[in-house]
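Here's the structure, in C-alpha cells; my notes come after.
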Amino acid sequence: MDKFAPFHHHYNPLIHQNGHCPPIQKPKPRAHSSPTSVSLASTATSLAASTLSSPVMYPSPGILSGFGSLDGLSDVRTLGSVKAMHSQVIKSSDKRTSEYMAKTLITFYLELGDFRLAAMVFFLGFARNYAMWSNFLLEFKKFGGDPIEILEVFKDLHCLGVNFDGRLITLVLKICASLMDLCLGLEIHASLIKKGLEGDVYVKGALMKYYGRCWGVDTANKVFDEIPYQDNLLNEAIMINLKNKRFVQGVDLFKRMQFSFKRANAATILKMLQACGKEGALNEGQQIHGEAWSLLQEMESSGVTPDLVTWNCLLSGHALHGLYKEVIKILRKMQIAGFRPNSQSIPSILQAVIELGFFTFGKEIHGYVLRNGLDFDVYVGTSLIDMYLKNDRLNSSQLIFDNLKNKNIFSWNSLISGYLFKGLFDDAKRLLTQMKQEGVKPDLVTWNSLVSGYSIWGRNEEALAVIDDIRSSGLTPNVVSWTSLISGCSQRGNYRESLEFFIRMKQEGIEPNSTTVSSLLRTCGGLSLLQKGKEIHCLSIRKCFHEDAYVETALIDMYSKSGDLKSAYGVFRKRENQTLASWNCMIMGFAIYGLGREAISLFQEMQKADILPDAITFTAVLSGCKNSGLIEEGWKYFDSMDKEYGIEPRIEHYSCMVDLLGRAGYLDEAWDFIQAMPITPDASIWSAFLRSCHVQGHMEFAEVAGKELLELEPDNSANYVLMTNLYAMSNRWDDVERIKDLMVEKGVKIRQIWSWIQIDDRVHVFSAGDKPHPDEGQIYFELYQLVSEMKKVGYVPDINCVYQNIDDLEKEKVLLSHSEKLAITYGLLNTRNSAPIRVVKNTRICPDCHTAAKFMSLVRSREIFLRDGVRFHHFKDGSCSCNDHW
DNA sequence: AGAAACGGAA
C-alpha cells in the first residue's frame, strides 16, 4: 500500500490555522524530505483545502445504526467500509461523541495503511490539542509511518514550545540517531535541561544512544556519568561502548551489572560475546556464555517467552563461539516455542550446519528458504553459497549466486574463494574481472583468498605476486595475508618456504596472531623440529595464545610429531575442558608411538567426559590398535563405529583393519575383508595388504595386490620397490628386472631415502645417494665399534633386509650404510650422555635398523626416538615401544 | 539479531 506524506510542511495545519495558535516562528528549512512528497502533497492540498474550507463535526454513533455496531465492523473492515462509515459520520454531526468517533476512524485508517485519511481526520479533530500529537505520532510510527515525516512535524511543534510525552521524545531521539540529525537531538536535550525535566529511563537511554551515534562514545559516557541511578541503563551503556570498540569499559560495566540488581539482556550478552570473540578474551567469553544460557533458562522458568530477536541473538551468539550443536538445540527449542526462523536466523543456522557436516539438513533448510521466499536476502544467499561450497557443490553455489538479486562483496568473495579452494584459478579470475566490471572493488578478503588459493596449490610465486598486487591496489597486506601464505605452504608440505615466509612477515613488521602460530606449529611438527617448536610455544605464551584451543591442539600435535610425547601429554592435561580435536590429537599421539592401550584408555576417558567421538577419533583409536597389534580391540571398535555411534567407516578405517589383520598373519581374513568392503578399495588398502604379504612372504596375494597398486598409483616408486624386493626374496630375478624396466618405461624415479638429526641449530642429513657427511669417517669408525659391542650382547645383522644379489659379507656392509644408523651414531657422538636422541626418517625403518637401534639403546644406555614415514619408535634399554608390531 | 579471507586431529 502506498505511503502518503501527510505532514509535508506546506500543509501543516498548525501553520494554516495560525490564528488559533501561539505566536509562530518561521519553520526552519527541512533537512530531509521524502522524494515522493511533492506529487503526493498536491493530493494532500486538494483534500486539505476541500475539508478545511467547511468545518466538519462528527455524528453520534446512533447515526451509524445502518452499519451495525463498530465492533461488528472490525471483522470485515475494508477501506471501502470505513470510508462509507466516515461519510455517514460527516453527514450527521454530534459534538458529544465526536472525539471517540474520530479516534476510531484514525485507528481504522492507520490499520488499513491509509495515512492520508488518518492524518486528515486527526487534523480536523485534534490539531490544537497538543497532548494528542504524541499519541498520534506514536500510532503513526507503529503502523509504519515515515520517520522523516515525524521529525518534520516534531520540529514544527517543538518550535512552538509544545511539551511532549516522554515516549515521543524517545522515538524522536531514536530517529535523530538513525538519520544523524545532530542539531535536533541537541535542541531536545537542551530544552529538557531548560525545563528542568530529567526524562525517564527510556529518554535517558535514547539520549545516550543518540550521543553515542552522533557525537561519539565519550559524550555518551558523559551523559551516563551524570545519571544518579545508573543500573537501569547499564545495558545501553555497555552496548554503546562495545559498538565503539571500548572493550575494556564494556567489560567493566558488564562486571558492574553482575553486582547490580539488573540482568544483561539478550542483545548485550550477544554483543559481549562477539566482542570477547574478537578480543580473544576467553575467560570473559565463557562467563558471558553462561549468562546467555541462564538468561534463556530464567526466561523459560518464569514463563516469559523469548521473542524472535532474542532467539536470533542466542543462535548467532552460539554460532559465533563455535557451539554449533547448541545452535541446533536452540533452533529446535525456538521451533517448539512456535517461532519460525526468519532470514536473520538462517545464516547462523547454516553456519552450524556447515560445521557439523549436516548437509542433508542444509538442503532441507534451502527448501525452507525457497518456500518462504527468504532467498532474496543477500545474507541468506551468501550463507547458502557457502554451504554448497563446503559440501563440494560448486555448481549449486554458482547457480544461487547467479540468481542472487543483490550481490555484494561478501557474495563475490564467497564464490571466488570456493573456486580457488578447488584450484580452479581461471574461474576465479573470470569472477574477479566480472566483479570489477560491476563496480565492486576487491577488498583484502578477496586478495587473501587468492594468496591462500595459490599457496595451497603450491604456486608460491603467484601467491607472493598477489601480496604485491595488494600493495598496488592501495591496500596493505596484513597478518591474514601473510598467514595465508605460511599456512598454505604448511598444508602443502612446503615446510621450508613456510618458515621463510614467517621470517619475511616479521621483517615487514607484522606481528603473528594465533592462526599464524597454529600454522607454524604444523610446520614444526611436519619437520619434527622440536627446538623450533618449543620456540613457537614460548612465543605463543608471550603473546597469550597458548590457551587458544587451536594453538593448544597444534601444540599437542607438534610435540607428539617431534618425538616429545611427554610434553604433548603435559599440554593436553593442563586444560580441563578439552575440545574433541585435542582428544583426537592426543589419542593419535599415543597411537603413533605404538601405545595402543593408552590410546584406548584415553578414548574411554573421553567418553566419560561426555565427548562424542567422530570419524577422526576412530582413525586414531584404530591406528593405536594397528600399531600395537590389538586385533580383538580393533574389531570391537570398528564394529561399534556404525552400531553404537552411527559413524560410517571410511576408507582410512578399512585400511587400518586390513593392516591390522594382515600384519598379524590373517591374510585370508584380510582378503575377505577387502572383498566384502562396501567401498572400492583404494591404494591405501592395497598398499597395507601388500606390505602384509611382504612380511608374511605370500607371493600369490602379493602379486594381486601389486597389480592393483601399480594401476592405482603408477607414479609411486615405493610400490615398485616393494615388488622388486618381494621378487628378490623369492630369487625371481627376471621379475625384478621386469619391474625395474617398467619403472624406466613409466619414468618413475626412486624416492630419495634420508634420515636427519638436529644438533644445536644445525640439521644433519644422511642419505645414500647424497654427498657424504663431512664427519663420515668418524661416524663409521664409531659405528663399527658399536656393532662389535652389540654383537657381543646378541645382535645378529639381518641380511634378509638387503635385496641385492651380492654375498653375505657385502650385505652386512650395505646394512651399515643405512641412513638411520648413521644419524643415530652421529647423535651418540655429538650429544650429552643423558640426552635422548631424536632421528627422523622419511620412509619406514628397515627391520635390521629396528633391531640395531634396540641394541644401541642398550649398550649406550640412551633413549632413542625415531620417527619414520608413518610412526614413532621409542627405543629404551634394548626394547622398542612398538613391541615389534610395525 | 544474521553472511565472506588465515588455524588443530586423518
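This structure is a prediction, so every number in the text was calculated from the model and none was measured.
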Requested in this report: Return the value, rounded to whole Å, for the distance between atom CZ of A:Phe590 and atom P of B:dA9.
Outcome: 18 Å
Query raised in the report: Which dot-bracket string fits DNA chain B when only Watson-Crick or G-U wobble pairs with both atom distances under 3.5 Å count, crossing pairs get [ ], and | stands for a partner on a different strand?
Result: ..........
Query raised in the report: At under 4.0 Å between heavy atoms, what does A:Ser514 touch on the DNA or RNA strands: base, sugar-phosphate, or nothing?
Result: base
Requested in this report: Would you say whether A:Phe410 stacks on B:dA3? The test is a distance between ring centres of less than 5.5 Å and an angle between planes of less than 30°.
Outcome: yes
Requested in this report: Give the nucleotide from the list B:dG7, B:dA9, B:dA5 with an atom nearest to the side chain of A:Asn448.
Outcome: B:dA5
Query raised in the report: What does A:Glu552 touch in the nucleic acid at a heavy-atom separation under 4.0 angstrom: a base, only the sugar-phosphate, or nothing?
Result: nothing
Query raised in the report: Where the side chain of A:Thr619 is defined as all heavy atoms beyond and including C-beta, which of B:dA4, B:dA10, B:dA9 is the nearest nucleotide?
Result: B:dA10
Query raised in the report: Can you tell which of B:dA5, B:dG8, B:dC6 lies closest to the side chain of A:Thr483?
Result: B:dC6
**Report entry** Nearest-neighbour nucleotide for the A:Ser518 side chain, B:dA5, B:dA9, B:dG7 considered
**Finding:** B:dG7
Query raised in the report: Please give, in whole Å, the distance from B:dA5 C1' to A:Ile470 CD1?
Result: 10 Å
Requested in this report: Record whether the side chain of A:Thr579 comes under 3.5 Å of the base of B:dG8 through a donor-acceptor pair of N or O atoms.
Outcome: yes
**Report entry** d(CH2, A:Trp482; C1', B:dA5) in whole Å
**Finding:** 16 Å
Query raised in the report: NA contact type, A:Thr382, heavy-atom cut-off 4.0 Å: base, sugar-phosphate, or nothing?
Result: base
Query - Heavy-atom neighbours of A:Arg573 CZ exceed 12 at 6.0 Å - result: yes
Query raised in the report: Given the rule in the side chain to side chain donor-acceptor pair (under 3.5 Å) test, do A:Tyr419 and A:Gln398 qualify, once you have shown the distances and angles that lead to the verdict?
Result: CA-CA 10 Å; A:Tyr419 280 113; A:Gln398 178 76 56; 2.6 Å; yes
Report summary line: Out of B:dA3, B:dG2, B:dA9, minimum distance to the side chain of A:Ser383 belongs to B:dA3
Query raised in the report: With the threshold set at 4.0 Å, does a side-chain nitrogen-carboxylate oxygen contact exist between A:Asp392 and A:Lys422?
Result: yes
Query raised in the report: A:Met641 CE to B:dA10 P: how many Å, rounded?
Result: 15 Å
Report task. Indicate, with a heavy-atom threshold strictly under 4.0 Å, whether A:Ser343 touches base, sugar-phosphate, or nothing. Result -> base
Requested in this report: Taking A:Ser562 for its side chain and A:Tyr559 for its backbone only, find out whether a donor-acceptor pair lies under 3.5 Å.
Outcome: no
Query raised in the report: Heavy atoms under 4.0 Å, any strand shown: does A:Gln491 hit a base, just sugar-phosphate, or nothing?
Result: sugar-phosphate
Report summary line: Regarding the side chain of A:Lys561, the nearest nucleotide among B:dG7, B:dA9, B:dA1 is B:dA9
Query - Integer-rounded Å distance: B:dG8 P and A:Asn584 CG - result: 14 Å
Requested in this report: Indicate the ring-plane relationship of A:Phe572 and A:Trp583, choosing parallel, tilted or perpendicular according to the 30° and 60° boundaries.
Outcome: perpendicular
Report summary line: Residue set satisfying salt bridge (Lys or Arg N to Asp or Glu O under 4.0 Å) with A:Lys407, at least two apart, ordered chain then number -> none
Requested in this report: Please identify each residue that fulfils side chain to side chain contact (heavy atoms under 4.5 Å, CB included) with A:Asp375, with sequence neighbours left out.
Outcome: A:Val369, A:Leu370
Query raised in the report: Hey, is the side chain of A:Gln351 poking within less than 4.0 Å of OP1 or OP2 on B:dG2, counting only N and O atoms?
Result: no
Query raised in the report: From B:dA5, B:dG8, B:dA1, pick the nucleotide closest to the side chain of A:Ser316?
Result: B:dA1
Query raised in the report: Heavy atoms under 4.0 Å, any strand shown: does A:Ala581 hit a base, just sugar-phosphate, or nothing?
Result: base
Query raised in the report: Is A:Tyr550 stacked on the base of B:dG7, meaning ring centres closer than 5.5 Å and planes within 30 degrees of each other?
Result: yes
Query raised in the report: Starting at CG of A:Asn513 and ending at P of B:dG7, how long is that distance when rounded to a whole Å?
Result: 11 Å
Report summary line: The nucleotide from B:dC6, B:dA9, B:dA5 with an atom nearest the side chain of A:Ile616 is B:dA9
**Report entry** Spacing of A:Ile486 atom CD1 relative to B:dG8 atom C1', expressed in whole Å
**Finding:** 16 Å
Query raised in the report: Under 3.5 Å, side chain of A:Ser560 to main-chain N/O of A:Ile556, donor-acceptor pair present?
Result: yes
Query raised in the report: If you check every side-chain atom of A:Asn413, which of B:dA4, B:dG8, B:dA9 has the closest atom?
Result: B:dA4
Report task. Would you mind classifying the nucleic acid contact of A:Thr516 as base, sugar-phosphate or nothing, using non-hydrogen atoms under 4.0 angstrom? Result -> nothing
Report summary line: Side-chain atoms of A:Pro347 come closest, of B:dG2, B:dA1, B:dA5, to B:dG2
Query raised in the report: In terms of the angle between their ring planes, are A:Phe501 and A:Trp482 parallel, tilted or perpendicular, with boundaries placed at 30° and 60°?
Result: tilted
Query raised in the report: Could you state the CD1-C1' distance from A:Ile330 to B:dA1, rounded to the nearest angstrom?
Result: 13 Å
Requested in this report: Look at the side chain of A:Asp377 and the base of B:dG2, then say whether one donor and one acceptor between them are separated by less than 3.5 Å.
Outcome: yes
